Amino acid sequence: MEPRHDNETTGDTERKPSWIKVRLPNGREFWDVKQLVEGKNLFTVCEEAHCPNRYECWNQGTATFMIAGERCTRACAYCAVKTAKPFPLDPEEPRHVADAVVHMKLRHAVITMVTRDDLPDGAAAHFAEVIRAVRKVSPSTIIEVLASDLNEKAASIQTLMAARPHIFGHNLETVERLTPIVRFRAQYRRSLRVLKMALDCVNGKVATKSGIMLGLGETEDELFQSMDDLLEHGVTVLTLGQYLRPTRNHLPVVRYIHPDDFARYEEIARAKGFRHVASGPLVRSSYHAANFKPEADVLEAINEDLRKAGEL
C-alpha cells in the first residue's frame, strides 16, 4: 500500500500540512521550567534541537536534559544542535541535573547527550555520573538515556550501562540506504550493534529503544526492514516521527507523511513484536516518554543489582 503524502516539497519547507501544529506556551509550568533550566545552566534537547513539542512538554513540567555540553562533534544533516569544538565537561552538571529532577518532581527523567568524539570514552563516564547523581536524590525515578553510538567502544558502553539506566535509547534516525546522507560518521549496522551491546552488558536487564524519522525519502519496505532489524537486535520500544527541516541549511523534507499512515505503521510495528510504539507526525524520542514503563521483572532485576552494589 502506498503511503499518503501531502504538500510534497522540493526544498520549500515553509508550507506545512495542517496536522503539523505547534502549541505555544500558556502555563506557569512552562516558565518555571525555563527559569530552572537557565538558572542551573542546563541544556535541553528541547531547545537545542528545535523540538516542535518543547512548549507542550514544558507546559507539562517535563524536559529532556542534554548533557556533555551544547556542542556536538558531528554534523548530521538533519540536526539543529550546533557543531563545534566542545568545551570541557562541567563537573557540576551531574548535580545540576539531579537538582532539576528533584525540583520538577520527575517520575521519569530523559537524559540525552551530544556526541563527544573528542573524548576517549565519548563522555560515557560523565553520563554515568549524571545517572548516579539523579538516582541518589530520586531513587524512584525511571531513568531513560538517549546515548550516542560511543564509537562502538565496548568499554564505554559498559561504563554507561554499569550505572544501570532503566531504558537505553539510541536512534537509527533513518533507514540503511539513507544513513550515509543523513547521519555524519554514523553507521546503520554499528547503531544496531550498539543497541545489542547495551542489552548484553546487563544480561538483558534493560529496555532498549530506538527512533526513526520519516519523510526523508525512505520507502515503506525500507522502513519495515528497519523495524525487523531493530527487533533482531533486541529493541522493544520504537518511536516514529516526521522529519522537520530545522533550517534551509539542513536536508529538505521529501514528503510529509499523513497521520493515517503513522497510525498504520504503529499497528504494523506492534504486530511485528514491539512492546511499545509511539508513532505520529510530531512524535520524538522523548515525547510522552513516561507512557512507557519497563517490565516489572526488568525493574526488579535492576534494583536488586543496585542494592547489591550499595547504590540503592
Side-chain angles (χ1 to χ4, degrees), residues 27-47 51 53-54 56-69 89-114 123-147 159-170 198 201-202 205-209 237 276 284-312:
R28 187 185 68 183
E29 290 82 2
F30 171 87
W31 301 106
D32 286 346
V33 172
K34 184 174 179 62
Q35 184 177 32
L36 175 70
V37 168
E38 293 175 351
K40 293 287 186 182
N41 195 31
L42 294 170
F43 300 109
T44 68
V45 75
C46 323
E47 289 189 303
C51 179
N53 303 308
R54 59 191 180 276
E56 178 184 351
C57 293
W58 287 24
N59 277 333
Q60 295 174 351
T62 64
T64 297
F65 305 106
M66 189 176 77
I67 66 168
L89 295 172
D90 178 5
E92 295 299 313
E93 188 170 53
R95 179 174 62 84
H96 288 162
V97 173
D99 288 346
V101 168
V102 171
H103 181 88
M104 297 165 70
K105 301 178 181 178
L106 296 182
R107 292 176 295 176
H108 188 119
V110 183
I111 308 167
T112 187
M113 66 183 299
V114 293
H126 182 75
F127 209 148
E129 288 180 16
V130 173
I131 294 170
R132 291 190 171 99
V134 170
R135 179 169 284 125
K136 183 176 181 180
V137 297
S138 188
S140 64
T141 296
I142 297 294
I143 300 175
E144 174 177 339
V145 303
L146 180 60
T159 294
L160 175 55
M161 296 310 296
R164 305 311 301 273
H166 298 99
I167 303 168
F168 175 87
H170 173 68
C201 277
V202 290
K205 299 173 185 177
V206 67
T208 49
K209 176 178 180 179
V237 185
H276 180 77
R284 296 296 182 267
S285 298
S286 57
Y287 184 59
H288 290 185
N291 288 349
F292 169 76
K293 187 174 183 180
E295 296 88 340
D297 61 329
V298 170
L299 292 176
E300 180 51 39
I302 292 173
N303 288 339
E304 179 61 24
D305 287 348
L306 289 170
R307 284 191 287 268
K308 288 179 181 178
E311 295 186 28
L312 191 65

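Bear in mind that the values here come from a model prediction, so they are computed numbers and not experimental data. Note that these values count all heavy atoms, side chains included, but never hydrogens, waters or copies made by symmetry.
Looking at His170, its side chain does come within 3.5 Å of a backbone N or O of Ala147 through a donor-acceptor pair. Side chain of Lys209 to backbone of Ser285: a donor-acceptor contact under 3.5 angstrom is found.
Listed here is the closest heavy atom pair of Pro165 and Val145: CB-CG1, 3.9 Å. Of all non-hydrogen atoms in His166 and Pro294, the two that sit nearest each other are O-CG, 3.8 Å. Here the closest heavy-atom approach between residue Val110 and residue Ser286 is recorded as CG1-CB, 3.8 Å. Closest approach of His108 and Ala289 over heavy atoms only: CE1-O, 3.5 Å.
Within the model, atoms OG of Ser140 and CG of Leu299 stand 11.5 Å from one another, a figure rounded to the nearest 0.5 Å.
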Please list every donor-acceptor pair under 3.5 Å in which a side-chain atom of residues 91-104 meets a protein atom from a residue at least two apart or in another chain.
| unit_1 | atom_1 | unit_2 | atom_2 | d |
| --- | --- | --- | --- | --- |
| Glu92 | OE1 | Arg95 | NE | 3.0 |
| Glu92 | OE1 | Arg95 | NH2 | 2.7 |
| Glu93 | OE1 | Ala68 | N | 3.0 |
| Glu93 | OE1 | His126 | NE2 | 2.6 |
| His96 | ND1 | Lys40 | O | 3.3 |
| Asp99 | OD2 | Lys40 | NZ | 3.4 |

Quick one: side chains of residues 127-136, donor-acceptor pairs under 3.5 Å with protein atoms, not counting sequence neighbours, listed by atom name and distance.
| unit_1 | atom_1 | unit_2 | atom_2 | d |
| --- | --- | --- | --- | --- |
| Arg132 | NE | Glu311 | OE1 | 3.3 |
| Arg132 | NH2 | Ala162 | O | 3.4 |
| Arg135 | NH1 | Ala163 | O | 2.7 |
| Arg135 | NH2 | Arg164 | O | 2.6 |

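The shortest side-chain heavy-atom distance between Phe292 and Ile167 falls under the 4.5 Å cut-off. Within the 4.5 Å cutoff, no side-chain heavy atoms of Val202 are placed close to those of Ile302. Between Met66 and Val114, the closest side-chain pair of non-hydrogen atoms falls below 4.5 Å.
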